[in-house]
Chemist: 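Below you'll find the structure I mean.
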Amino acid sequence: MARNLELHPDRLLPADPSVRGLARELYASVAGLPIISPHGHTDPRWFAQDETFGNATDLLLVPDHYVFRMLYSQGVALEDLGVRNKGVDPRAAWRLFAERYWLFRGTPSRMWLDWVFAEAFGMGVQLSAETADLYYDTITDMLATDAFRPRALFDRYNIEVIATTESPLDTLEHHAAIRAENGRADGWQGKVITAYRPDPVIDPEFEGFQANLDLFSALTGEDCRTWTGYLAAHRQRRAFFASMGATSTDHGHPTAATANLSASEAAALFDRVASGNFHSSDAELFRAQMLTEMAGMSLEDGLVMQIHPGSFRNHNAALFERFGRDKGADIPMRTDFVHSLKPLLDRFGNERNLSIILFTLDESAYARELAPLAGHYPCLKLGPAWWFHDSPEGMKRFRHMITETAGFYNTVGFNDDTRAFLSIPARHDVARRIDCGFLAELVAEHRIEDWEAAELAQDLSYNLAKKAYNL
Amino acid sequence: MARNLELHPDRLLPADPSVRGLARELYASVAGLPIISPHGHTDPRWFAQDETFGNATDLLLVPDHYVFRMLYSQGVALEDLGVRNKGVDPRAAWRLFAERYWLFRGTPSRMWLDWVFAEAFGMGVQLSAETADLYYDTITDMLATDAFRPRALFDRYNIEVIATTESPLDTLEHHAAIRAENGRADGWQGKVITAYRPDPVIDPEFEGFQANLDLFSALTGEDCRTWTGYLAAHRQRRAFFASMGATSTDHGHPTAATANLSASEAAALFDRVASGNFHSSDAELFRAQMLTEMAGMSLEDGLVMQIHPGSFRNHNAALFERFGRDKGADIPMRTDFVHSLKPLLDRFGNERNLSIILFTLDESAYARELAPLAGHYPCLKLGPAWWFHDSPEGMKRFRHMITETAGFYNTVGFNDDTRAFLSIPARHDVARRIDCGFLAELVAEHRIEDWEAAELAQDLSYNLAKKAYNL
Amino acid sequence: MARNLELHPDRLLPADPSVRGLARELYASVAGLPIISPHGHTDPRWFAQDETFGNATDLLLVPDHYVFRMLYSQGVALEDLGVRNKGVDPRAAWRLFAERYWLFRGTPSRMWLDWVFAEAFGMGVQLSAETADLYYDTITDMLATDAFRPRALFDRYNIEVIATTESPLDTLEHHAAIRAENGRADGWQGKVITAYRPDPVIDPEFEGFQANLDLFSALTGEDCRTWTGYLAAHRQRRAFFASMGATSTDHGHPTAATANLSASEAAALFDRVASGNFHSSDAELFRAQMLTEMAGMSLEDGLVMQIHPGSFRNHNAALFERFGRDKGADIPMRTDFVHSLKPLLDRFGNERNLSIILFTLDESAYARELAPLAGHYPCLKLGPAWWFHDSPEGMKRFRHMITETAGFYNTVGFNDDTRAFLSIPARHDVARRIDCGFLAELVAEHRIEDWEAAELAQDLSYNLAKKAYNL
């Protein structure tokens, strides 16, 4: 017998009845606010071309590394799930997933997926071996309808603005197409902007870095084998990205290291790196120096800078060789901020017109390093609980460990940071519920007033993200 | 006036009445399940010879480093407690403890001991200076009765299986005797198995390592001064341990370092180590390489591998000299897993038929490193909250920080990991209560369904341990 | 419309009604206990000279780095707040603060300040742009009255004893004056003691260290350019400080490193350091060795030793140059204790007549390192949650992560550790509320008995501090 699927209206709100009452009221006041999605990884092609998404497996299983990494950890082969394997029967892959859906008990994936199943697709029974085909057929059929095209979902989900993330080498043709559409009176009016993520031309250890420098030259007309040409190319592409709506850059380095080299030292380092004949410590120093260079350019052009450090990418070497990046094998590392950021902060830390948003996968830095840094330096703000910590418990730890030192106003609201488009409203909903629960607890313990909690609920759900990202 | 001692039926369950109701129901459904004790340090001689345990001090004070380290921290001399001192009057030692029992307020020792006092010995008043003699006499008298012999307690406590931990140099005669007993129709049927803990012949810095190599040779007939002979000796002893019921190995290294040397590098390293003329970095590398070798043998023989890293053993040099190992002076250290385990994982990480259970004393690794690793690699599982963290708060932190990324099914249920036999049911009881409280909270916040919580309560209390350890 | 300001009687107590009832009772039993303030940074001149405090800005804004760092992080210039700027209109500075008081939502500063506003100054409306002038005028007027002189406030706040913190180079004239006053039958009887904080003559990287050595010689008549003279000078000043009431020393080093050099190695190191021609690693080693030397002197003279490690002082170089020390730019760092303290512990760890109180800014060390160390070594105790963690959440984490391994009796009660005199009762009140809430939760979960919680509430609020600091 299949179990009912029902999303309880009080889910994720604190259990204590008096606190829950407060939380429910706060949540009700923000549940319907538009979604601001200032950082994420959706595909702009979806919104430019507005094609249907394919079948259930294509949309919900194959691209979701949260889901397939858990199945992989329990012995399911990635090939059998259709990852990098067009030969698999998508229904068979879906069944493998459905039969093991209980593995996700207690995980955020389970909550996001249940939301998608119930709210987006109207499923009334839980996913299981028994309901695998019902799910596959229902979802696949609905995805073929106009109501499930990307733009229709974008509108239905009340997304006010969404940012994608692109390499400097990207031509942004889809963003251009969307902007053209926006410009027509009868065109679609969804706001889809880009963000400048230069890792492929900044990280000397990125796959294809040397070829990327040549592409960077070709694209910009600058000589990106010289330090000055290389910097000019960045300036040019940043301006182009800004013209395509970008208000931010994003930097995904292994550490938070920054450097503050003299111009000649930096040029000499670049020459080593560009020659392809460099040591791993050169690569680290170059990434470090480039964070500082990017901060300098942000001060010029006003793009907000995001730093996402501390992931050991592609930890599973054999898996990476066979399946490539982003397959659930990125593992967080201990991350130092207090020493790492000092060179950049020595140069730009006191600038009031610079905004750097810090993220971490190392929660031990929240109260120890990040809150004190953001609670002092005018240029620093703290991004929300990220990736593995984008979860109810992760968000609670973030608020509990950050707020007392950094306050609420050195944080920037929520990021969904996802490529799983359908989960976006589910993720924002989780964040709003957890934040309202946290605020309700503060009110219940008389640490803030109820009217302050009401203001804060709006700020955390909507205002702070708009403000921090200049949206 | 002596205070009453009463174990409250709701102890350790969440205070909120609605959550407590749920927790109470869940707990009721698992409270009576048999105990699976897949890892611990009880003495097999107890079960083989079934002799009485001696007096209260011998059983409850002298061997319990949790207890005497606390007393020592507050100025009581270990000699006065009878530690390595046969000359002390056990009643006088017991009084020193009883007078200071209030020092244990808020500690798990207090909860385990109160359970033992009330449930095992039927004490109705609290331990204090005033009741010291009453306790000493009552307990000592009861210990002389047949009902308090090891096998009677084993049966009374509903232990389905217990694993002890032995060195490869151990002859396992007690296990053999128990198995012989098990084989007789009228013999005792208690299941007592061993586990292979090779630290004394793997860690070049272990006391007596060089002599141990010779014993290893003598015991196996292999030449354990050669790399191939040494490896063959391990294979032979592992097979012997398996024949004595072992389903697991256990490795207590200072760090989680692993290595992946070529066969010739490994042989050369072994030669240095076996020569006795080696650097401390050789010792670390050898331990690291041996974890990988052991993983390879586990893939051959199916023994589950446990890694317990990160304890700075015998931190108090003067105390170690006088009183030896395991005297409450082992202090946890920061432990890295993401880099340390990579060499082993590069070689065996994707094996579905290998099972490695990771423990930590560094809770900062839970959400950052361990859950992401176990939530990806098929061979990795996470052991329960260990040692200092085998406590109500420690268990809560474990579930809160592990579950969202690793789920429940990459964990392995509870280990009591103790040499304090009488505390075993108390410890499993604490774990069941805390887990049921955690599940009840998830239900109360509508993060899982009530029927899922009921299944999970059985899994966490019983099924997962059996499955993970092949019991 | 200005919002009411009212301090709720149940503030900071757990929200659950049954737990709150218990907590309220416990709190009621300790709310009125005298304040023991065994470590802090108030100015002894206040109590010696008993002059009025000046205006609202001078007292509450300019000296409070918690407050102005938050304003600075949000773009307010320190000059405009009157920090190192006599030219600013104090009322204008106050308005900048008042207009931004909402930035402090959820921070302990907000709670302390609201207590000061409501309890000390009787304000009935909240601080905001609208009430800025009302606040400024009311507070400034009241500060001019006798009731708001330092001694009157000291008495009103029921302070039994307060310790200040001075450099060995301080002449302690204010303490002498206070003691003379204490000695007169009709004199003020407030007990104000000092503490020996030798960083300026121990840390070779302290501003003015070389000149300080000369002052140290001049003050003591010892030749502080020789190792023996230098040590003798310490002994002499420690004795003088003890004669001025000191019962403790205090050490604010960047790390917790200790060393155990031979006398000749130590002398050679001192020569390098005193020559001014030394490496940064010499400075670190010298600080490390001096902790061990200070422990040795504590064993002789009975002064309790406090170690406050792990702050990266003056992280913001430009700000330090312009505004000096203690401007909200000290950032915590990861801190190791297990290796760092070993040299000192190897020498003195088992001394029962030595007392070393450890503090940390790195909460990841609580359960992993500090509780196990303090739960074993007789000489170690744990100081309360410190600085950034002197907050409701910080205190809760401290109790949750420390208690199970170290118990309550290896901790030392509360320190306010502040230079913000008016906030002292507010801070002790927060600590008492949080501790009572924690105890109430233990009772509600039947982990301790109610009568034990009642004893513990007294101990944590009053007894432990007196005992640990020999007051």
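Lettering of chains follows the sequences in order, A, B, ..., and the numbering in each one begins at 1.
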Chemist: Just by modelled atom types, is the Met401(A) backbone N or O under 3.5 Å from a matching donor or acceptor in the Glu393(C) side chain?
Modeler: no
Chemist: Relative to chain A, which segment of Glu363(C) carries a heavy atom at a distance below 4.5 Å: side chain, backbone, both, or neither?
Modeler: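 Interface part for Glu363(C): side chain.
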Chemist: Rounded at 0.5 Å granularity, tell me how far CZ in Arg397(C) sits from CZ in Arg397(A).
Modeler: 11.5 Å
Chemist: Is Pro392(C) close to chain A through its backbone or its side chain, or both, or neither, when contacts mean heavy atoms under 4.5 Å?
Modeler: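 The answer is both parts of Pro392(C).
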Chemist: Got a second to check how far Tyr409(A)'s OH is from Arg105(C)'s CZ, nearest 0.5 Å?
Modeler: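 It comes to 4.0 Å.
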Chemist: Locate the shortest heavy-atom distance separating Glu404(A) from Pro108(C); write the atom from each residue and the value.
Modeler: O-CD, 3.3 Å
Chemist: Quick one: what part of His389(C) sits under 4.5 Å from any heavy atom of chain A, side chain, backbone, both or neither?
Modeler: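 The answer is the side chain of His389(C).
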Chemist: Kindly give the heavy-atom pair with the smallest separation between Ala15(C) and Ala444(A), and that separation in Å.
Modeler: CB-CB, 3.9 Å
Chemist: Can you tell me which portion of Phe312(C) sits under 4.5 Å from chain A's heavy atoms? Options are side chain, backbone, both or neither.
Modeler: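 For Phe312(C), the contact with chain A is made by the side chain alone.
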Chemist: What part of Leu373(A) gets within 4.5 angstrom of chain C, counting heavy atoms only: side chain, backbone, both, or neither?
Modeler: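 Contact with chain C involves both backbone and side-chain atoms of Leu373(A).
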Chemist: Should we count CG of Asn353(A) as having more than 12 external heavy atoms under 6.0 Å?
Modeler: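 Count not over threshold, so no.
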Chemist: Take atom CD in Glu6(C); do more than 12 heavy atoms of anything else shown fall under 6.0 Å from it?
Modeler: no
Chemist: Checking the side chain of His315(C) only, and the main-chain atoms of Val338(A) only, is there a donor and an acceptor separated by less than 3.5 Å?
Modeler: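 Checking the backbone N and O of Val338(A) against the side chain of His315(C), a donor-acceptor pair under 3.5 Å is found.
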Chemist: Tell me which of these, Asn316(C), Val76(C), Leu13(C), has more heavy-atom pairs under 4.5 Å with chain A than the rest.
Modeler: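 Between Asn316(C), Val76(C), Leu13(C), the count favours Asn316(C).
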Chemist: Passes side-chain contact (heavy atoms from CB on, under 4.5 Å), Asn350(A) versus Tyr72(C)? Steps please.
Modeler: CA-CA 9 Å; Asn350(A) 295 295; Tyr72(C) 185 69; 2.5 Å; yes
Chemist: CD1/Ile331(C) to CG/Leu341(A) distance, rounded to the nearest 0.5 angstrom?
Modeler: 10.0 Å
Chemist: Please work out whether the ring planes of His446(A) and His8(C) are parallel, tilted or perpendicular, with thresholds of 30° and 60°.
Modeler: parallel
Chemist: Is chain C contacted by the side chain of Ala374(A), its backbone, both, or neither, given a heavy-atom distance below 4.5 Å?
Modeler: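 Ala374(A) touches chain C through backbone heavy atoms alone.
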Chemist: Which answer fits Ser364(C), side chain, backbone, both or neither, if we ask what part of it has an atom under 4.5 Å from a heavy atom of chain A?
Modeler: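 Ser364(C) touches chain A through side-chain heavy atoms alone.
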Chemist: After noting the C-alpha distance and the side-chain angles of Arg69(C) and Thr405(A), does the key distance pass the side-chain contact (heavy atoms from CB on, under 4.5 Å) rule?
Modeler: CA-CA 10 Å; Arg69(C) 70 158 180 75; Thr405(A) 292; 3.7 Å; yes
Chemist: Compare every heavy atom of Arg352(A) with every heavy atom of Ala77(C), then report the nearest pair and how far apart it is.
Modeler: CB-NH2, 3.3 Å
Chemist: Which heavy atom of Thr107(C) sits nearest to which heavy atom of Gly407(A), and what is that distance?
Modeler: CG2-CA, 4.1 Å
Chemist: Where on Leu103(C) is there a heavy atom nearer than 4.5 Å to chain A: the side chain, the backbone, both, or neither?
Modeler: both
Chemist: Highest number of heavy-atom pairs under 4.5 Å with chain C: which of Leu442(A), Ile448(A), Asn410(A), Asp336(A)?
Modeler: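 Ranked by heavy-atom pairs under 4.5 Å with chain C, first place is Asn410(A).
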Chemist: Working to the nearest 0.5 Å, report the span between CG of Leu361(C) and CZ of Arg368(A).
Modeler: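 Rounded to the nearest 0.5 Å, the CG-CZ separation comes out at 10.0 Å.
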Chemist: For chain A, which candidate among Arg433(C), Lys327(C), Arg20(C), Met111(C) shows the most heavy-atom pairs at distances under 4.5 Å?
Modeler: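 Between Arg433(C), Lys327(C), Arg20(C), Met111(C), the count favours Arg20(C).
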Chemist: For residues Met333(C) and His339(A), determine if any side-chain heavy atom of one lies less than 4.5 Å from a side-chain heavy atom of the other.
Modeler: yes
Chemist: Test your reading of the model: is there a side-chain donor-acceptor pair from Arg447(A) to the backbone of Leu12(C), 3.5 Å cut-off?
Modeler: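 Checked: no pair found.
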Chemist: Answer yes when Glu452(A) and Arg3(C) have at least one side-chain N-carboxylate O distance shorter than 4.0 Å, and no when they do not.
Modeler: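 Salt bridge flag = no for Arg3(C) with Glu452(A).
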Chemist: Pick whichever of Lys342(A), Arg334(A), Glu441(A) has the most heavy-atom pairs under 4.5 Å with chain C.
Modeler: Lys342(A)
